[in-house]
2 protein chains.
Amino acid sequence: MRDLKQFYFFENLDDEQLALLSSFSNKKHFEKGSILFYEKDEAKSLILLIEGVLKVYKTDQKNNEIIMHRFMPISLVAEMAVLEGILYPASAAFESAGVVIEIDFERFKKEFLHNPQMALLFFKSLSKKIKYLEDVIALNIVLDSTARLAKYIFDKEDALNTLKQYQVAEHLHMTPETLSRTFKKLVILELLEKDSNGYKIKNKEGLRVLFE
Amino acid sequence: MRDLKQFYFFENLDDEQLALLSSFSNKKHFEKGSILFYEKDEAKSLILLIEGVLKVYKTDQKNNEIIMHRFMPISLVAEMAVLEGILYPASAAFESAGVVIEIDFERFKKEFLHNPQMALLFFKSLSKKIKYLEDVIALNIVLDSTARLAKYIFDKEDALNTLKQYQVAEHLHMTPETLSRTFKKLVILELLEKDSNGYKIKNKEGLRVLFE
DNA sequence: CTGGCATCTTGATATAAATCACAACTACTT
DNA sequence: AAGTAGTTGTGATTTATATCAAGATGCCAG
């Protein structure tokens with residue numbers, strides 16, 4: 001119940017509502033690499049990611065993973081499947097240890113959907129995701145790899161060295177080799193510098209020029 | 001009011017509710033090329049596209065248009081801005097004559113958000129858009145231009161020659177030159193044939209092989 | 001029907017990024 | 001401390017697609 005409250009989604013619920021919600025919610029822990037759901041599994045619950053990094057991906061015929069979405073806490077994951085009552089269109093796996101809360105959707109619908117405040121929160125969560133996807137499109141289809149990396153660094157200044165480079169490469173839809181070369185290029189341009197902890201921004205406005 | 005009812009979104013409303021909704025809704029007609037809203041305009045209404053083709057785009061420093069989204073009827077457009085109460089993050093223009101219904105969001109929120117059925121419809125509409133965007137990502141980032149065109153043709157068999165080729169090229173994020181060459185390739189592979197009305201599918205399952 | 005503008009096609013060239021191959025570095029594990 | 005697996009860096013090569021430049025086709029207006 002405390003876990004539910006920490007999620008901005010539910011912060012406006014009173015204790016009674018929270019207790020009700022807890023009665024059909026379920027907290028689960030996962031290890032790095034474990035699968036949250038597989039493509040074509042049935043979707044019965046709303047899933048809130050509250051800890052860890054979760055990737056949603058498909059595999060093509062050559063067994064390449066296509067990462068559709070990478071979720072950080074706190075997010076609502078793959079709500080489409082539950083809302084539409086269809087099977088999961090992709091698989092989800094943890095890239096770190098993680099924790100989720102599963103909320104039984106039938107009960108949720110019955111008990112909470114009439115609450116306008118709740119509905120509005122839900123809308124916002126979805127539209128946030130829409131914005132995220134639109135950004136992914138703008139980032140990946142329009143910009144070249146240097147610009148993509150520059151924008152990525154610019155946006156995540158603080159969290160710059162939290163992902164492995166090959167994960168960043170996946171996220172930016174380029175190969176690790178290209179990423180490595182692109183980092184080097186930005187160092188040569190004196191926009192970044194590299195020390196024992198990884199890369200650090202040296203000239204933030206210079207980065208901006210590359211993608212705007 | 002009849003216009004509202006035709007939108008699947010509202011088909012479950014009774015007459016009283018529809019009348020109420022009409023009282024703060026507004027139907028507007030637009031000519032080809034006209035602007036529905038500009039980037040940084042204030043968003044006060046929900047916008048339903050009920051006729052025509054609407055593009056949502058940004059322009060970069062070189063004045064290239066980046067098309068974020070192309071809407072066909074019947075869609076809910078750019079709801080994020082209203083939901084979050086922020087300025088439009090992109091501009092929208094009609095590529096054909098068009099009709100929209102604008103619904104005052106404040107009133108909508110007050111009158112309808114407590115209706116669970118309505119809320120659920122709203123959710124579905126948003127999640128439909130999420131799915132669309134995920135498809136755009138899967139289509140454009142992962143597939144090469146031949147596969148993109150094959151999938152496009154496969155999905156729109158009937159509406160194959162409704163857009164100009166340069167519009168299709170935009171949609172598939174390739175140049176008209178590349179599109180032309182790719183069409184030719186598919187004809188050589190005997191998956192398509194070309195007659196006076198344009199291209200026609202000759203081997204549909206053959207097309208599928210290219211993108212699956 | 002004819003000139004003129006849009007669009008589409010085709011060819012030649014340039015370029016960004018993927019791929020392939022392997023070397024260098026890092027961080028665990030026993 | 002050495003060995004192994006996982007990660008990152010580098011060079012050489014290939015590939016897909018964009019770009020540049022012209023020509024061909026279609027299509028409307030007078």
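Nothing here was measured: the structure is a model prediction, and the numbers come from that model.
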Q: Specify the closest pair of heavy atoms between B/Leu179 and B/Ala169, including all atoms of both residues, with the distance to one decimal.
A: CD2-N, 3.8 Å
Q) Below 4.5 Å, heavy atoms only, C-beta onward: do B/Phe94 and B/Leu49 meet side chain to side chain? A) yes
**Q.** Difference in axis direction between the ends of the helix from C/dT9-D/dA22 to C/dT30-D/dA1, five pairs, 10°
**A.** 30°
Q. Got A/Ile153 and A/Leu149 here, is their nearest side-chain heavy-atom distance under 4.5 Å?
A. yes
Q: Taking salt bridge (Lys or Arg N to Asp or Glu O under 4.0 Å) as the test, write out the residues that go with B/Glu106, two or more places apart.
A: B/Lys109
**Q.** Check: A/Arg148 side chain, A/Leu172 main-chain N or O, donor-acceptor pair, under 3.5 Å
**A.** yes
Q. Between B/Val56 and B/Ala92, which heavy-atom pair has the shortest distance, and what is it?
A. CG2-CB, 4.1 Å
For residues 182-194 of chain B, run the donor-acceptor check on the side chains, cut-off 3.5 Å, and write out each pair with its distance to 0.1 Å, sequence neighbours left out.
from     : atom 1 : to       : atom 2 : distance (Å)
B/Thr182 : OG1    : B/Thr178 : O      : 2.6
B/Lys185 : NZ     : B/Thr146 : OG1    : 2.8

Q | Result of checking A/Tyr57, A/Tyr38, A/Phe37 against A/Tyr88 for ring pair (Phe, Tyr, Trp, His ring centres under 6.0 Å) | A | A/Phe37
Q: Please report, rounded to the nearest Å, how far the C1' atom of C/dT7 is from the CG atom of B/Leu163.
A: 14 Å
Q | Nucleotides bounding contact with chain B, strand DNA chain D, heavy-atom threshold 4.0 Å | A | D/dT17 to D/dC20
Q. Could A/Lys204 and A/Phe154 be counted as a cation-pi pair, given that NZ or CZ must be under 6.0 Å from the ring centre and within 45° of the axis?
A. yes
Q.
Looking at C/dA6, which nucleotide sits across from it as a Watson-Crick or G-U wobble partner, both distances under 3.5 angstrom, or is there none?
A. none
Q.
Which is it for C/dA6, anti or syn, if anything within 90° of zero counts as syn?
A. syn
(Q) OP1 or OP2 of C/dA6 versus the side-chain N and O atoms of B/Lys164: is any pair under 4.0 Å? (A) no
Q: Look at B/Gln165 and C/dT9 and indicate whether a side-chain polar atom (N or O) is within less than 4.0 Å of OP1 or OP2.
A: yes
Q.
Using modelled atom types and a 3.5 Å cut-off, is there a donor and acceptor pairing between side-chain atoms of A/Asn161 and backbone atoms of A/Tyr199?
A. yes
Q) Once each nucleotide of nucleotides 14-21 of chain C is scored for protein heavy atoms under 4.0 Å, what B/S/- sequence comes out, 5' to 3'? A) ---SSBB-
Q) With sequence neighbours excluded, what pairs up with B/Asp41 under the salt bridge (Lys or Arg N to Asp or Glu O under 4.0 Å) test? A) none
